[in-house]
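Data block below; observations after.
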Amino acid sequence: MAFDFDLFVIGAGSGGVRAARFAAGFGARVAVAESRYLGGTCVNVGCVPKKLLVYGAHYSEDFEQASGFGWNAGQPTFDWPALIANKNREIERLNGIYRNLLVNSGVTLMEGHARIQDPHTVEINGKAYSAAHILVATGGWPQVPDIPGKEHAITSNEAFFLKELPRRVLVVGGGYIAVEFASIFNGMGAQTTQAYRGPLFLRGFDQGVREHLRDELVKKGIDLRFDTDVARIDKRADGTLAATFKDGSVIETDCVFYATGRRPMLDNLGLENTAVKFKKDGFIEVDDEYRTAEPSILAIGDVIGRVPLTPVALAEGMAVARRLFRPEEYRKVDYKLIPTAVFSLPNIGTVGMTTEEAREAGHEVKLFESRFRPMKLTLTESQEKTLMKLIVDARTDRVLGVHMVGPDAGEIVQGIAIALKAGATKQVFDDTIGIHPTAAEEFVTLRTPVAQ
């Protein structure tokens with residue numbers, strides 16, 4: 001059978017664009033359909049604009065600390081609309097880059113909602129196209145619990161386009177998005193409360209990291225409320241909101257921001273017309289090579305619910321393109337030792353096992369830890385402290401995990417992730433000469449294990 005395309009990609013986010021570009025580069029006939037914005041969540045309402053807002057939020061601390069270094073610039077003022085307008089211009093520039101990347105690589109770009117009619121047919125804008133392979137890469141979408149007044153809450157989708165900075169914000173959730181936006185709003189000057197239904201946020205991260213960040217956020221004035229969940233949200237006549245918690249207490253606020261999870265964005269995609277199967281949590285079920293139960297349909301990224309990180313989606317997209325059209329270069333994605341960062345203020349950078357995971361896996365663990373006030377803060381009144389932590393297998397000396405809470409944690413841990421991927425031992429860390437004076441040198445000068 002002759003198909004219109006060798007590969008039809010639904011979703012022009014990070015993973016979809018990567019798969020499409022490389023497949024086209026390998027000589028395949030490729031189409032991409034996108035119904036919203038080029039670049040997907042990460043570029044438009046995710047990691048890129050979030051990082052820009054984090055930079056903006058950090059300036060409040062920079063201004064406050066500048067006097068310790070002799071700078072006196074008067075009382076700074078903050079213009080939220082200016083930041084959002086500048087952010088929008090940058091995102092528009094990136095949208096254009098993504099468009100050029102696709103078009104210049106020979107991919108046919110179709111803008112509109114694509115719907116699968118059968119295992120080899122996709123309909124978009126009233127026209128049907130046949131394809132040997134269909135790749136679903138439509139990403140995720142934030143979800144708000146079904147509580148009374150949920151329509152008064154916003155998510156990260158709307159937060160990036162608020163016309164004004166709310167004076168008071170309630171952030172609901174305990175994942176990295178919630179922690180990051182609590183830091184953003186607080187850094188911009190909003191009175192910020194973060195509520196999480198569990199005993200401590202960032203479940204799955206190292207316990208010491210979670211506790212350290214909790215203490216630092218409290219120092220910065222964020223009102224953290226754990227074991228707390230919202231029962232309802234009411235809008236008052238003056239436009240303000242009242243959030244009632246399940247224990248009966250009430251908080252008055254101007255904005256309720258929900259970051260309580262994301263679902264796969266599969267609405268009206270037509271997957272019911274295929275043999276594609278789903279896991280209990282609604283994500284698409286795939287094998288190790290991203291094939292669904294329908295042999296011609298593949299899925300990657302946030303819709304499969306493995307590791308919801310942009311670089312992972314990029315790697316998955318590359319793997320699909322290689323396996324289909326350049327099999328001699330194909331290799332599976334390695335999900336071990338994936339480094340990640342949380343762009344809270346201060347940042348978290350982490351790679352490898354947590355203390356808890358290492359012990360559960362049966363390792364005899366040695367812990368090396370340092371908590372210190374960064375050199376940059378020694379001429380200021382800030383009492384923020386950095387945490388650095390190594391988790392080592394006592395039997396083999398191999399470093400199992402590296403964790404940091406502090407400025408530029410992501411930048412530092414990215415480099416260390418290469419060492420862990422190469423199997424570095426604690427002796428290798430010890431034999432590495434540090435760059436002085438830096439915070440990063442602490443990772444190669446930790447000599448004495450802490451009490452277990």
Side-chain angles (χ1 to χ4, degrees), residues 1 3-35 40-42 102 105 107-110 113-124 128-140 263-279 281-335:
M1 178 180 177
F3 295 103
D4 296 323
F5 296 101
D6 300 309
L7 177 66
F8 197 109
V9 181
I10 304 177
S14 300
V17 169
R18 176 64 61 91
R21 285 179 55 217
F22 276 81
F26 296 152
R29 297 167 300 150
V30 183
V32 171
E34 176 54 58
S35 61
T41 296
C42 179
L102 287 170
S105 63
V107 174
T108 300
L109 175 61
M110 303 180 187
H113 181 78
R115 180 174 168 79
I116 299 171
Q117 292 185 330
D118 64 47
H120 288 285
T121 308
V122 179
E123 184 271 329
I124 180 171
Y129 299 89
S130 62
H133 306 279
I134 298 170
L135 175 62
V136 178
T138 47
R263 64 178 178 85
M265 190 58 181
L266 303 173
D267 300 1
N268 194 30
L269 201 57
L271 290 173
E272 67 275 9
N273 300 323
T274 72
V276 171
K277 295 181 180 179
F278 302 89
K279 294 184 284 188
D281 51 11
F283 293 95
I284 295 176
E285 189 176 285
V286 296
D287 64 13
D288 288 344
E289 295 181 334
Y290 312 106
R291 290 173 295 207
T292 69
E294 187 69 72
S296 61
I297 298 179
L298 306 101
I300 61 171
D302 288 2
V303 297
I304 64 174
R306 287 189 178 170
V307 182
L309 297 171
T310 293
V312 174
L314 292 171
E316 292 170 348
M318 178 89 76
V320 166
R322 282 176 169 157
R323 186 182 68 79
L324 293 179
F325 306 111
R326 191 65 65 85
E328 64 273 19
E329 296 181 6
Y330 171 68
R331 54 186 179 272
K332 290 185 177 181
V333 176
D334 185 356
Y335 290 94

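We're numbering straight along the sequence, starting at 1.
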Value rounded to 0.5 Å, distance of CE in M265 from CG in D267 = 4.0 Å
Any chance you could measure I304, atom CD1, to I284, atom CD1, to the nearest 0.5 Å?
-> 8.5 Å
Scan side-chain atoms only and decide if E316 and Y335 contain a donor-acceptor pair under the 3.5 Å cut-off.
-> yes
Take V122 and R115 through the test side-chain contact (heavy atoms from CB on, under 4.5 Å) and record every step on the way to the result.
-> CA-CA 6 Å; V122 179; R115 180 174 168 79; over 6 Å; no
Using atom types as modelled, flag every donor-acceptor pair under 3.5 Å from a side chain in residues 24-34 to any protein atom, sequence neighbours excluded.
{"residue": "R29", "atom": "NE", "partner": "D6", "partner atom": "OD2", "Å": "3.3"}
{"residue": "R29", "atom": "NH1", "partner": "F3", "partner atom": "O", "Å": "2.8"}
{"residue": "R29", "atom": "NH1", "partner": "D4", "partner atom": "O", "Å": "3.2"}
{"residue": "R29", "atom": "NH2", "partner": "F3", "partner atom": "O", "Å": "3.2"}
{"residue": "R29", "atom": "NH2", "partner": "D6", "partner atom": "OD1", "Å": "3.0"}
{"residue": "E34", "atom": "OE1", "partner": "A12", "partner atom": "N", "Å": "2.7"}
{"residue": "E34", "atom": "OE2", "partner": "R36", "partner atom": "N", "Å": "2.8"}

Heavy-atom pair of closest approach, residues A19 and L135 | CB-CD2, 3.5 Å
CE of M110 to OH of Y129, rounded to nearest 0.5 Å, is 4.0 Å
Can you pull the salt bridge (Lys or Arg N to Asp or Glu O under 4.0 Å) pairs that have at least one residue in residues 294-313, sequence neighbours excluded?
-> none
Of all heavy-atom pairs between A114 and I124, which one has the smallest distance, and what is that distance?
-> CA-CB, 4.2 Å
Which pair of non-hydrogen atoms, one from K277 and one from A293, has the smallest distance, and what is that distance?
-> CG-CB, 3.9 Å
Mark yes or no for whether H113, through its side chain, and S35, through its backbone, hold a donor-acceptor pair below 3.5 Å.
-> no
Derivation of the side-chain contact (heavy atoms from CB on, under 4.5 Å) call for T138 and L266 = CA-CA 7 Å; T138 47; L266 303 173; 3.8 Å; yes
Determine the minimum heavy-atom distance between T310 and S14, stating which atoms define it.
-> CG2-OG, 3.3 Å
Quick one: CD1 on I134 to OG1 on T121, what's the gap to the nearest 0.5 Å?
-> 7.0 Å
Hey, is the main chain of I297 close enough, under 3.5 Å, to the side chain of T292 for a donor-acceptor pair?
-> yes
Give me the one residue out of I116, L271, V136, L269 that meets side chain to side chain contact (heavy atoms under 4.5 Å, CB included) with V276.
-> L271
Donor-acceptor pairs under 3.5 Å, side chain of residues 321-330 to any protein atom, not counting sequence neighbours: which ones?
{"residue": "R326", "atom": "NH1", "partner": "E329", "partner atom": "OE2", "Å": "3.3"}

Work out which heavy atom in V333 is nearest to a heavy atom in Y290; give both atom names and the distance.
-> CG2-OH, 3.3 Å
Is there a side-chain contact between V320 and F22, using heavy atoms and a 4.5 Å cut-off?
-> no
Atom CD1 of I300 and atom CZ of R18: how far apart are they, to the nearest 0.5 Å?
-> 10.0 Å
K279 atom NZ, over 12 foreign heavy atoms within 6.0 Å | yes
CG on D118 to OG on S296, rounded to 0.5 Å | 8.0 Å
